[in-house]
Amino acid sequence: MKFISWNVNGLRACVGKDFEKSFLALDADFFCLQETKMQAGQLDLQFPGYRSYWNYADKKGYSGTAIYAKHEPLAVIYGMSPVLGADADVHDHEGRVITLEYDTFYLVTVYVPNAQDGLRRLDYRMQWEDDFLRYIKTLDARKPVIFCGDLNVAHEEIDLKNPKTNHKNPGFTDEERGKFSTLLADGFTDTFRTLHPEEQIFSWWSYRFHAREKNVGWRIDYFVVSDRLMPQVESASIHTDIFGSDHCPVELVVTV
């Protein structure tokens, strides 16, 4: 099965930049979106053979996730509180998580909160990281997990063009990188880095300073799987040739 994940940075804007053409050309079984920046009823975008699932932020024009799926799930979970309980409701107002359950795996799309300028949201980000790890571990105890999305962290120095000048900036703080290391050590695998240990390739570029043209970017979009699923992973790739957002799509092919 082919899985695609793409932070579209506003789906309505991306639709005006050949999103539908890219969607059809990629021909994935599952197409996961982050930062849709939409409310219900603002866009009726359906594709033959796909069901779609949407999680909207309370705040208009902000955050949001979606999944297009060729395969009907056993269950759909929006946010983390249905699994973790009311304490996790604090995370469920920005439309950041959708989970589809299937016979042999869970698929989770996630748009991880940005620590923001001045790291003003870093404390909240740390709380999110702890609760999200608890969430995927709860799922993983039942069946293997595939989760994908904009994780808003470049894990290692190879994952961004200028690590030295970005140290302690949002997405490359010791705290954020450490939380991702903890997650991976707790039974999960970064599929792309495992299959491509020495390849420097990016999935996000700033709109400023012609960053994409110069390939001054970050790899912050991931597919992560439960360790026991890794033998079934066939390939992981990054579609740097596809435009329409400041991110590009990332892909996973896995036998499940």
Side-chain angles (χ1 to χ4, degrees), residues 1-15 19-20 22-38 43 45-47 49-57 62-80 91-92 94-102 104-113 132 135-136 139-140 144-153 183 188-192 203-204 219-226 229 233-240 242 244-254 256:
M1 287 186 178
K2 182 194 281 192
F3 300 76
I4 292 288
S5 176
W6 194 4
N7 178 322
V8 292
N9 194 7
L11 183 56
R12 286 171 293 166
C14 195
V15 164
F19 172 80
E20 293 166 89
S22 298
F23 183 102
L24 294 171
L26 287 165
D27 191 26
D29 293 274
F30 301 94
F31 209 111
C32 301
L33 306 178
Q34 305 87 44
E35 208 173 359
T36 54
K37 295 184 176 179
M38 283 174 42
L43 183 68
L45 182 64
Q46 300 299 330
F47 295 94
Y50 288 88
R51 297 172 175 84
S52 63
Y53 308 90
W54 303 79
N55 197 359
Y56 305 105
Y62 180 71
S63 188
T65 49
I67 302 178
Y68 287 90
K70 286 184 178 178
H71 310 275
E72 185 174 4
L74 301 174
V76 184
I77 305 167
Y78 297 98
M80 293 190 277
H91 304 303
D92 288 355
E94 296 182 353
R96 293 185 178 272
V97 180
I98 303 173
T99 304
L100 304 186
E101 180 183 0
Y102 291 92
T104 57
F105 67 99
Y106 288 99
L107 172 63
V108 182
T109 192
V110 57
Y111 178 37
V112 172
F132 185 70
Y135 178 72
I136 60 170
L139 299 181
D140 185 59
V145 175
I146 299 167
F147 79 85
C148 65
D150 177 358
L151 304 191
N152 263 315
V153 63
L183 182 151
F188 299 92
T189 301
D190 172 356
T191 57
F192 182 86
S203 65
W204 173 80
R219 186 177 74 96
I220 58 176
D221 301 271
Y222 295 79
F223 271 98
V224 178
V225 301
S226 299
L229 262 187
V233 171
E234 297 178 26
S235 65
S237 53
I238 298 177
H239 290 279
T240 57
I242 295 179
S245 169
D246 51 351
H247 297 249
C248 71
V250 297
E251 175 184 310
L252 182 73
V253 177
V254 58
V256 288

Looking at side-chain heavy atoms only, is the closest gap between [X] and [Y] below 4.5 Å?
X: Leu183; Y: Val224; answer: yes
X: Phe188; Y: Ser226; answer: yes
X: Val256; Y: Tyr102; answer: no
X: Tyr68; Y: Leu45; answer: yes
X: Val225; Y: Val254; answer: no

Item checked: Residue that, paired with Val97, satisfies side chain to side chain contact (heavy atoms under 4.5 Å, CB included) out of Ile136, Val108, Asp92 ->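 The single option meeting the side chain to side chain contact (heavy atoms under 4.5 Å, CB included) with Val97 is Val108.
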
Item checked: Passing candidate, side chain to side chain contact (heavy atoms under 4.5 Å, CB included) with Leu33, options Ile4, Thr65, Asp150, Leu11 ->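 With Leu33 as partner, side chain to side chain contact (heavy atoms under 4.5 Å, CB included) holds for just one option, Leu11.
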
Note to self: Please identify which of these residues, Gln34, Lys37, His247, meets the side chain to side chain donor-acceptor pair (under 3.5 Å) condition with Asn9.
What the structure shows: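 The option that passes is Lys37.
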
Restricting to non-hydrogen atoms, name the atom on [X] and the atom on [Y] that form the minimum distance, rounded to 0.1 Å.
X: Ser245; Y: Trp6; value: CB-NE1, 3.8 Å
X: Asn152; Y: Pro113; value: ND2-C, 4.1 Å
X: Phe132; Y: Met80; value: CA-SD, 3.6 Å
X: Tyr62; Y: Ala57; value: O-CB, 3.2 Å
X: Val8; Y: Thr36; value: CG2-CA, 4.2 Å
X: Tyr53; Y: Ala69; value: CE1-CB, 4.3 Å

Which distance, rounded to the nearest 0.5 Å, do you find between the [atom1] of [X] and the [atom2] of [Y]?
X: Leu26; Y: Ile242; atom1: CG; atom2: CD1; answer: 4.0 Å
X: Leu151; Y: Arg219; atom1: CG; atom2: CZ; answer: 9.0 Å
X: Asp140; Y: Tyr135; atom1: CG; atom2: OH; answer: 12.5 Å
X: Glu35; Y: Asp246; atom1: CD; atom2: CG; answer: 7.0 Å
X: Arg96; Y: His91; atom1: CZ; atom2: NE2; answer: 11.0 Å
X: Ile146; Y: Ser5; atom1: CD1; atom2: OG; answer: 12.0 Å

Under 3.5 Å, side-chain donor or acceptor atoms of residues 72-79 against the rest of the protein: list the pairs with distances, not counting sequence neighbours.
residue: Glu72; atom: OE1; partner: Arg51; partner atom: NH2; Å: 3.2

Next item on the list: Give a yes or no answer on whether the side chain of Thr191 reaches the backbone of Ala236 with a donor-acceptor pair at less than 3.5 Å.
Entry: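 No, the answer is negative, given that no donor and acceptor are paired below the 3.5 Å cut-off.
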
Next item on the list: Describe, in one word, how the ring planes of Phe23 and Phe47 are oriented to each other, choosing from parallel (under 30°), tilted (30 to 60°) and perpendicular (over 60°).
Entry: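 Rings of Phe23 and Phe47: parallel, as their planes differ by under 30°.
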
Note to self: For Phe3 and Phe30, take the angle between the two ring planes, folded into 0 to 90°, and tell me which bin it lands in: parallel under 30, tilted 30 to 60, perpendicular over 60.
What the structure shows: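 Parallel: the ring planes of Phe3 and Phe30 meet at under 30°.
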
Notebook entry, point to check: Is Asp27 salt-bridged to Lys70, going by a charged N under 4.0 Å from an acidic O?
Noted result: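 Yes, this pair counts.
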
Checklist line | Counterpart residues, salt bridge (charged side-chain N to carboxylate O under 4.0 Å, His left out), relative to Asp29 (two or more places apart) | finding: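 Not a single residue meets the salt bridge (charged side-chain N to carboxylate O under 4.0 Å, His left out) criterion with Asp29.
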
